[in-house]
Amino acid sequence: MLIELSIRDFVLIDRLDLAPAAGLCVLTGETGAGKSILLDALGLALGARAESRLVRPGAASATVSAGFAVAGDHPARALIAAAGMEDEDALVLRRTLGADGRTRAFINDQPVSVNLLRQVGDSLVEIQGQFDERGLLDASTHRGLLDAFAGLLEDAKAVAARHAAWRMSDAALAEAKAEAEKAAAEAASLRQSVSELEGLAPKPGEEAGLVARRSMLMHAEKLVEAINAALEDLAGERGAERALGSAQRSLARVAALAAGLLDPAAAGLERAMAELAEALRLLQRAGSGIDLDSGRLAEIDDRLFALRDQARKHGIGVDALAARADSLKQRLAHLEASDARLKTLAAEAVGARTHYCSVAESLSAARLAAARRLDKRVAGELPPLKLERARFRTRIERLGEPDWGPAGIERIVFEVSTNPGSEPGPLAKVASGGELARFMLALKVVLAAAATVPTLIFDEVDAGVGGAVADAVGERLARLASELQVLVVTHSPQVTARAQHHWLVTKELVGRAALTRVAPLDEAERREELARMLSGATVTDAARAAASDLMAGGRR
C-alpha cells in the first residue's frame, strides 16, 4: 500500500509530505482547493503523462515520490526482477519534471524508463476517475479479473503453458516441413547420383587397369608382330631352339672323350633349353591373350569416360567413386528417415493442440459459471447505488481458432446497460460519468478479495448523489477499505463520516502566489469539517450535532 507521498513544486504545491495509512482515507475541501492536484501528482510518480505546465511557476523542476509497502510475492517485484534491478523491502517510485518538459524516472533511486515506472505503478495503484481509461475500463483486464474472482488463476496459467507447448510443437513441425521441402530436392539429386554410381559400380584401382588394357589394345597388332617375330627367332627353322638342340647333340657325341671337361657346358645348355622353353610358353600365352577385337577398345574407352565423367561431377578422383557412392547412400537414408520424424512431429502437434483444447474448454466452462456468479453479485450492489434500472453482464464471446491464445479461447468483456430494454455495451461508452463511477465501485466491492492492486483511489465517486445513495457509496467504500487501502476525493458527508483517516485540502495566498496545503485532521477537526460540509459557509451547532451522528453511524 501507499505509505508516503512527497511532492515538491507541483502546480500549486510547493512542499507536501503525506503518510497515508491502511483503511479508508478521504480528502475534502472546497472546490478549487487542489484536491485533484494531489491525484495528478501521484499520477506523475506512477508514470502518467507529464507536461511542463505542471511545474510550479518560478520553479526549475517538480519532483514527486511515492513509497509503498509491498508483499514479497507482489507482481511489482517480478517486474523489477525482470528488469535486472535489485529488490528492496519498500518500493519508492520517483519522477522529476523539468520546466522544459523533460522527465526522469527512478525506482529505489535507480534510473528506469518511464514505461517500466508505469508498469510498476499500475500494479500498485489503481485510480478510478470518471474519465480514466485504465483499470476496469480497460477491457483487456476483464479476463484476468474474472479469473481472480473465480479462483481460476492457476487454471489460466495451465492454459497458457499448454498454449506455449502447442505453439512450440507447431513451430517445430513447420521448421521440419521447411527442412523436408529443402531435403526433397536434395534427395531427388542424391537418388539420381546413387543410381548412376550403383549402375557404374566403380572399384578402387580400376582406372589404372583400364588404362593399361587400353594401351595394350591400341598397340595389339605391333605386339602380336613382335611376339611372332620373337617366336620365329626362338623356335623357327633357324631359331635359338634348333641351334641349342644341335649344340647339345654335338657335345653329347664327344662327351665321353672329354673326361668331364664338357659337363659344365652341357649343363648350361640344358638350363638354357629349359629357360627357352619357358620363354616360348610365356610368349605363346601372351600372344593368345592379346585381343585384336576393336570393339573391346571401344568398351574400355566408354568405361573410362563414364568413370572420369562421374569423378569430375563429384570433384574427386576415379578411385574415390566407390567411397562416394557409400556416403551418398548414407545421406539419402538420413533424409528419407526425416519423413518418419515429420510424422512424429505432426502427431505431437496434434496432441499438443488436443491437450490445449481440453484445458481451455475446461477453463471456458469454469469462466462461464463464474461470469453468472459475478453478474449476480454485481446486480445485488446496484440498487443501493441508485442503479436499480441498470444491468451488468459479463459477455463471453467464443473466438475462432486463429484467435486462440495463451489466455484461452474466448474474449471476456464487462458490459452495462443503464436503461431497460437497451442492449448492454462497454462500460466507458454506455454509462455516464456519475453512473460509471458507481458501477466501478460496485465492481470493485465484488472483486475486492481478488484484487492484486493494493491501493485504490476514487476521484469523486459520489458526484451527483446524496442522501441514501451517498450513504450506500460510503458503506461500500468502507467495505472495500477492509480489504484494500482506499483513498477518496469527496464532497459527500456520508462518505467522509466513514473514513478512518481524513485530510483537509485548502488553498491560501502566500505573497502573490496561491498554494495548496494539506493537513491531517484529528477527531474534533474532522467533526468541524464534516459540519461545514453539511451546512455550508456558516457552521451551526445543529450541523455539528449532525456531524457527530454521522461519524457515530459511520463507525457502526
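Values in this document were obtained by computation on a predicted structure and should not be read as measured data. Below, each value reflects all heavy atoms present in this structure, side chains not excepted, and no hydrogens, waters or symmetry copies.
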Participant: Could you measure the distance from the NE2 atom of H142 to the CD atom of E415? Nearest 0.5 Å is fine.
Facilitator: 10.0 Å

Participant: When rounded to the nearest 0.5 angstrom, what is the spacing between CG in L251 and CG in L262?
Facilitator: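 Output value for this atom pair is 5.5 Å.
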
Participant: Are T455 and L484 packed together at the side-chain level, in the sense that at least one heavy-atom pair is separated by less than 4.5 angstrom?
Facilitator: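 When only atoms from C-beta onward are counted, L484 and T455 do not touch, as no gap falls below 4.5 Å.
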
Participant: Are side-chain heavy atoms of L91 and N108 found at a separation under 4.5 Å?
Facilitator: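 Counting from C-beta outward, L91 and N108 do come under 4.5 Å.
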
Participant: Is there a side-chain contact between D170 and R167 in this structure, where contact means two heavy atoms from C-beta onward sitting under 4.5 Å apart?
Facilitator: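 Counting from C-beta outward, D170 and R167 do come under 4.5 Å.
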
Participant: Would you call R398 and R411 a side-chain contact if the rule is heavy atoms closer than 4.5 Å?
Facilitator: no

Participant: Any chance CZ of R49 has more than 12 other-residue heavy atoms, nucleotides or ligands included, within less than 6.0 Å?
Facilitator: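 Atom CZ in R49 is not packed in, count stays at 12 or less.
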
Participant: Please tell me whether E410 and S364 have a donor and an acceptor in their side chains that are separated by less than 3.5 angstrom.
Facilitator: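 Checked: E410/S364 side chains pair up, N/O donor to acceptor below 3.5 Å.
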
Participant: Taking atom NZ as the centre, does K177 end up with more than 12 heavy-atom neighbours from other residues, nucleotides or ligands that are less than 6.0 angstrom away?
Facilitator: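 For K177, atom NZ is not crowded (no more than 12 foreign heavy atoms under 6.0 Å).
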
Participant: With rounding to the nearest 0.5 Å, note down the distance linking CD1 in I80 to CD in E86.
Facilitator: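 Output value for this atom pair is 11.5 Å.
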
Participant: Does the side chain to side chain contact (heavy atoms under 4.5 Å, CB included) test come out yes or no for L307 and L200, once each step is laid out?
Facilitator: CA-CA 8 Å; L307 288 171; L200 194 59; 3.5 Å; yes

Participant: Does E423 pair with R391 as a salt bridge, N-O distance under 4.0 Å?
Facilitator: no

Participant: Look up atom OG in S123 and atom CZ in R77, then write down how far apart they are to the nearest 0.5 Å.
Facilitator: 10.5 Å

Participant: Which atom pair, heavy atoms only, marks the closest approach of L2 to A66?
Facilitator: CD1-CB, 3.8 Å

Participant: Within the distance-only criterion (no hydrogens, no angle test), does the side chain of D147 pair as donor or acceptor with the backbone N or O of L153 below 3.5 angstrom?
Facilitator: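 Pair absent, no side-chain N/O of D147 close to backbone of L153.
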
Participant: Indicate yes or no: at least one non-hydrogen side-chain atom of R367 is less than 4.5 angstrom from one of L146.
Facilitator: yes

Participant: Mind checking whether R95 and L117 have side chains closer than 4.5 Å, heavy atoms only?
Facilitator: yes

Participant: Please check if atom CG in D89 has more than 12 non-hydrogen atoms from other residues, nucleotides or ligands closer than 6.0 Å.
Facilitator: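 Open: at most 12 neighbouring heavy atoms sit under 6.0 Å from CG of D89.
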
Participant: Does L374 reach the side chain of L447, with side-chain heavy atoms less than 4.5 Å apart?
Facilitator: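 Yes, close enough: below the 4.5 Å cut-off.
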
Participant: Calculate, to the nearest 0.5 Å, the distance between atoms OG and CG belonging to S195 and L328 respectively.
Facilitator: 12.0 Å

Participant: Is the side chain of S358 donor-acceptor paired with the backbone N or O of T354 at a distance under 3.5 Å, no angle test?
Facilitator: no

Participant: Determine, stepwise, if the pair H314 / S193 fulfils side chain to side chain contact (heavy atoms under 4.5 Å, CB included).
Facilitator: CA-CA 9 Å; H314 293 279; S193 295; 4.0 Å; yes

Participant: Check for me whether R162 meets the cation-pi criterion with Y356, that is, NZ or CZ under 6.0 Å from the six-membered ring centre and within 45 degrees of the ring axis.
Facilitator: no

Participant: When you measure from the side chain of H74 to the backbone N and O of A76, does any donor-acceptor pair fall under 3.5 Å?
Facilitator: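 Confirmed, H74 side chain pairs with A76 backbone.
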
Participant: What's the verdict on side chain to side chain contact (heavy atoms under 4.5 Å, CB included) for E4 and V92, showing C-alpha distance, side-chain angles and the deciding distance?
Facilitator: CA-CA 9 Å; E4 61 179 356; V92 179; 4.1 Å; yes

Participant: Could you tell me which non-hydrogen atom of S52 sits nearest to which non-hydrogen atom of D100, and how far apart they are?
Facilitator: CB-C, 4.3 Å

Participant: Of all the heavy-atom pairs spanning V64 and A41, show the shortest one and how long it is.
Facilitator: CG1-O, 3.2 Å

Participant: Would you call R372 and D375 a salt bridge, taking side-chain N to carboxylate O under 4.0 Å as the test?
Facilitator: no

Participant: L97 and L54: which non-hydrogen atoms are nearest, and at how many Å?
Facilitator: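 The answer is CD2-CB, 3.8 Å.
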
Participant: Looking at CD of E275 and CG of L280, how far apart are the two atoms once the value is rounded to the nearest 0.5 Å?
Facilitator: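 Rounded to the nearest 0.5 Å, the CD-CG separation comes out at 11.5 Å.
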
Participant: Apply salt bridge (Lys or Arg N to Asp or Glu O under 4.0 Å) to the pair E397 and R395, showing each step before the final yes or no.
Facilitator: CA-CA 6 Å; E397 176 188 354; R395 180 166 63 87; 3.0 Å; yes

Participant: Evaluate W166 against C357 for side chain to side chain contact (heavy atoms under 4.5 Å, CB included), listing each step before the verdict.
Facilitator: CA-CA 10 Å; W166 176 24; C357 289; 5.7 Å; no

Participant: How close do P202 and L321 get, counting heavy atoms only, and between which atoms?
Facilitator: CG-CB, 3.6 Å

Participant: Could you walk me through whether F414 and F392 pass the ring-ring contact (aromatic ring centres under 6.0 Å, His included) check?
Facilitator: CA-CA 7 Å; F414 296 156; F392 172 87; 5.5 Å; yes

Participant: Is there a side-chain contact between K376 and R373, using heavy atoms and a 4.5 Å cut-off?
Facilitator: no

Participant: If you compare all heavy atoms of A201 against all heavy atoms of E206, which two are closest, and at what distance to 0.1 Å?
Facilitator: O-OE1, 4.3 Å

